[in-house]
J.: 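Mind having a look at this structure? Questions to follow.
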There are 2 protein chains.
Amino acid sequence: MAASYRRDQQRLPAAERRRQILEITAAVIAECGFWGLSMQDVADRCGLTVPGVLRHFGSKAGLLIAVLAHRDVEDARSLRAHLGVSEAEMPDEWSEGGPAGVDLRQLCLATMRRNATQPEIVRLFAVLKAESLTPSHPAHDYFANRQHNALAAFTALARDVTDRPETLARQIIAMMDGLQDQWLRTPEAVDLVHEWETAAALLFDAAT
Amino acid sequence: MAASYRRDQQRLPAAERRRQILEITAAVIAECGFWGLSMQDVADRCGLTVPGVLRHFGSKAGLLIAVLAHRDVEDARSLRAHLGVSEAEMPDEWSEGGPAGVDLRQLCLATMRRNATQPEIVRLFAVLKAESLTPSHPAHDYFANRQHNALAAFTALARDVTDRPETLARQIIAMMDGLQDQWLRTPEAVDLVHEWETAAALLFDAAT
DNA sequence: GTCTATAGGACGATAGAC
DNA sequence: GTCTATCGTCCTATAGAC
């Protein structure tokens with residue numbers, strides 16, 4: 001799995017090294033999942049030894065959790081950029097009603113546009129989402145919460161456009177995930193944003 | 001992972017033993033994926049030793065392929081039962097145009113009804129589908145073909161109900177997969193068949 | 001058809017030097 | 001902050017007895 005990587009031969013500041021490890025780990029997990037992840041592989045790609053990596057995150061499971069937390073922050077940031085809203089209007093953690101004052105359809109479109117630019121990240125979440133169905137997976141709770149929060153936020157926003165908001169929310173999430181799955185396998189055969197726009201027209205126009 | 005299982009202390013006929021191993025392996029993969037699958041775990045649950053299992057399938061990858069082939073046959077059988085058609089009308093391998101003379105909407109509904117009765121199998125495919133995105137996965141080609149064939153078959157059948165059959169086919173597959181994902185995580189909170197019927201009304205009625 | 005025995009690694013993690 | 005050295009466990013797969 002791991003190719004040959006030379007050692008860096010340099011001591012990086014902890015924060016910088018952590019960031020490097022997190023990004024490389026995300027790429028490896030996107031390929032192999034968490035069960036298929038090897039600390040040796042991560043260490044090689046970072047130009048470190050295994051204990052060198054472990055020092056920063058304590059354990060393999062700790063590393064996974066740190067990757068997910070890091071992605072949450074980065075994803076919130078990039079989504080705000082795509083929507084053109086400030087951090088005050090849309091904090092990293094959405095409140096119960098979802099991001100206040102954002103139109104659901106715009107939010108979905110911005111999300112899909114953003115995702116279309118980062119297939120590796122989409123794949124990271126697709127792989128972990130399936131793997132974490134088993135309760136013994138270290139990201140099981142994370143993805144249980146994630147699904148619950150997404151459904152709650154989308155349902156709250158859907159109240160503006162339909163009288164069956166939860167049904168619409170489920171359909172939107174299902175369609176977004178399903179189209180992304182097809183796109184991940186054959187990116188050249190699927191125009192993710194265009195397919196979503198067509199589907200969104202169907203879902204939203206039927207609701208109103 | 002593996003609990004305590006006593007040895008069978010009996011020599012089963014090869015065909016029977018193969019079937020037992022295939023079913024147990026399917027359950028383990030549904031939990032842990034292929035990378036997380038341990039031959040020791042399978043052997044314990046079968047009441048065998050590891051070489052005892054390997055004799056029947058040669059290698060871990062061979063076992064996975066055998067599981068998928070076995071599922072294809074079983075799934076075709078159960079789908080025919082749900083649709084009430086004969087093996088002559090709908091062979092295990094669909095022809096290019098999809099199963100001849102079957103209504104697309106009925107086919108989808110029968111599929112979802114069947115899937116709602118076997119969450120472990122749905123989960124098996126969900127986990128392997130994500131894991132096999134990487135080309136080095138032994139089931140990579142299997143799932144690439146599976147997606148291609150499903151799209152081709154659904155597109156062919158969709159020609160009867162819309163003038164944009166591929167778009168509809170993609171949306172149907174996306175919605176079915178997406179709803180199943182949500183159902184897998186919280187089966188008690190999602191009525192899979194009912195959610196699909198609602199979504200199908202939307203997708204098919206907009207198309208005609 | 002199933003076993004024991006074993007080869008030959010890879011794994012995650014810890015201890016302690018620098 | 002990173003290393004070397006090492007522990008103990010798990011892994012797939014093969015050889016050969018019964």
Side-chain angles (χ1 to χ4, degrees), chain A residues 1-25 28-29 31-67 131 134 136-139, chain B residues 1-25 28-29 31-67 131 134 136-139:
Chain A
M1 181 63 64
S4 62
Y5 295 83
R6 270 167 302 138
R7 289 284 156 84
D8 277 357
Q9 307 286 28
Q10 43 181 326
R11 297 159 66 104
L12 293 186
E16 209 165 321
R17 184 63 90 183
R18 281 179 59 99
R19 225 178 121 269
Q20 180 205 26
I21 296 173
L22 289 176
E23 280 166 12
I24 286 175
T25 303
V28 178
I29 294 182
E31 263 187 39
C32 311
F34 177 74
W35 301 128
L37 171 71
S38 142
M39 296 301 292
Q40 182 67 62
D41 194 3
V42 174
D44 287 349
R45 299 203 204 191
C46 291
L48 288 178
T49 59
V50 173
V53 175
L54 238 36
R55 215 194 80 82
H56 294 274
F57 300 97
S59 70
K60 183 181 168 183
L63 179 51
L64 170 63
I65 300 303
V67 165
E131 227 183 9
T134 185
S136 66
H137 194 285
Chain B
M1 180 64 62
S4 62
Y5 294 83
R6 271 168 301 139
R7 288 284 155 85
D8 277 356
Q9 305 287 26
Q10 43 180 326
R11 296 158 69 103
L12 293 185
E16 211 165 318
R17 184 63 88 183
R18 281 179 58 99
R19 225 178 121 268
Q20 180 207 24
I21 296 173
L22 289 176
E23 281 166 12
I24 285 174
T25 303
V28 178
I29 294 181
E31 264 188 37
C32 311
F34 176 75
W35 300 127
L37 171 71
S38 143
M39 297 302 292
Q40 182 68 63
D41 195 3
V42 173
D44 287 349
R45 299 203 203 190
C46 291
L48 288 178
T49 59
V50 173
V53 174
L54 276 173
R55 214 194 80 81
H56 294 275
F57 300 99
S59 72
K60 185 181 166 181
L63 179 52
L64 170 64
I65 300 305
V67 165
E131 225 182 11
T134 184
S136 65
H137 194 286

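Basis for what follows: all heavy atoms, side chains included, without hydrogens, waters or symmetry-related copies. Proteins come first, then strands; the chains are lettered A, B, ... in the order of their sequence lines, and each starts at number 1.
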J.: Report the distance from atom CD of A:Q40 to atom CG of A:D44, rounding to the nearest 0.5 Å.
T.: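 Going from CD on A:Q40 over to CG on A:D44, the span is 4.5 Å.
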J.: In this structure, how many angstroms lie between the C1' atom of C:dG12 and the CH2 atom of A:W35, rounded?
T.: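 The distance from CH2 of A:W35 to C1' of C:dG12 comes to 13 Å, rounded to the nearest Å.
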J.: Please enumerate all residues that pass side-chain contact (heavy atoms from CB on, under 4.5 Å) together with A:R19, with sequence neighbours excluded.
T.: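 Applying side-chain contact (heavy atoms from CB on, under 4.5 Å) to A:R19 gives A:E23, A:H70.
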J.: Write down the distance between CD (B:E16) and P (C:dT2), rounded to a whole number of angstrom.
T.: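 Distance, rounded to whole Å: 10 Å.
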J.: Just verifying a value: how many Å separate A:Q20 CD and A:T25 OG1, rounded to the nearest 0.5 Å?
T.: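 That separation rounds to 9.5 Å.
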J.: Dump the pairs, protein N or O against N or O of nucleotides 13-16 of chain D, anything under 3.5 Å, distances to one decimal.
T.:
| unit_1 | atom_1 | unit_2 | atom_2 | d |
| --- | --- | --- | --- | --- |
| D:dA13 | OP2 | B:K60 | N | 2.9 |

J.: CG of A:L63 to CZ of A:R18: how many Å apart, nearest 0.5 Å?
T.: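 Interatomic distance, A:L63 CG to A:R18 CZ, rounded to 0.5 Å: 9.5 Å.
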J.: Let's test your reading of the pairing rules: Watson-Crick or G-U wobble, both distances under 3.5 Å, then write DNA chain D as a dot-bracket string with ( ), [ ], | and dots.
T.: ||||||||||||||||||
J.: Kindly compute the distance separating CD1 (A:I24) from CD1 (A:I29), expressed to the nearest 0.5 Å.
T.: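 One finds 12.5 Å between CD1 of A:I24 and CD1 of A:I29.
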J.: Within this structure, what is the NE2-to-P distance between A:H56 and D:dG1, rounded to whole angstrom?
T.: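 A:H56 atom NE2 is separated from D:dG1 atom P by 7 Å.
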J.: Quick check: closest heavy atoms across B:W35 and B:P138, and the distance to 0.1 Å?
T.: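 In terms of heavy atoms, the two residues are closest at CH2-CD, 4.4 Å.
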J.: To the nearest Å, how far apart are A:Q40 CD and C:dG9 C1'?
T.: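 Going from CD in A:Q40 over to C1' in C:dG9 covers 12 Å.
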J.: Whole angstroms only, please: what is the CG-C1' distance between B:D41 and D:dT12?
T.: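 Rounding to the nearest Å, CG of B:D41 and C1' of D:dT12 are 14 Å apart.
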J.: Could you state the CZ-C1' distance from A:F57 to D:dT2, rounded to the nearest angstrom?
T.: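 In whole Å, D:dT2 C1' and A:F57 CZ are 15 Å from each other.
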J.: For residues 51-62 of chain A, tabulate all N or O donor-acceptor pairs below 3.5 Å that involve a side-chain atom, not counting sequence neighbours.
T.:
| unit_1 | atom_1 | unit_2 | atom_2 | d |
| --- | --- | --- | --- | --- |
| A:S59 | OG | A:G62 | N | 3.1 |
| A:K60 | NZ | A:F34 | O | 3.1 |
| A:K60 | NZ | A:L37 | O | 3.0 |

J.: Can you measure A:L48 atom CG to D:dG1 atom C1' for me and round it to whole angstrom units?
T.: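 Checked: the CG to C1' distance equals 9 Å.
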J.: Give the nucleotide from the list C:dT2, D:dT12, D:dG1 with an atom nearest to the side chain of B:R55.
T.: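 Of the candidates, C:dT2 comes closest.
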J.: Side chain of B:R11, heavy atoms from C-beta onward: which of C:dC11, D:dG1, C:dT2 has the nearest atom to it?
T.: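 From the listed options, C:dT2 comes nearest.
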J.: Looking across every strand, which nucleic acid part, if any, lies under 4.0 Å from B:L37 by heavy atom: base, sugar-phosphate, or nothing?
T.: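 Sugar-phosphate, no base atom in range.
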J.: At less than 4.0 Å, is any side-chain N or O atom of A:T49 found next to OP1 or OP2 of D:dT2? Yes or no.
T.: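 The answer is no; no side-chain N or O of A:T49 sits under 4.0 Å from OP1 or OP2.
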J.: What's the spacing between B:L48 CG and B:L12 CG if we round to 0.5 Å?
T.: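 So the CG of B:L48 and the CG of B:L12 are separated by 8.0 Å.
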J.: Nearest 0.5 Å, please: how far is OG1 in A:T49 from CE in A:M39?
T.: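 So the CE of A:M39 and the OG1 of A:T49 are separated by 10.5 Å.
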J.: What is the distance, rounded to the nearest whole Å, between atom CG of A:L63 and atom C1' of C:dA13?
T.: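 After rounding, the reported distance stands at 14 Å.
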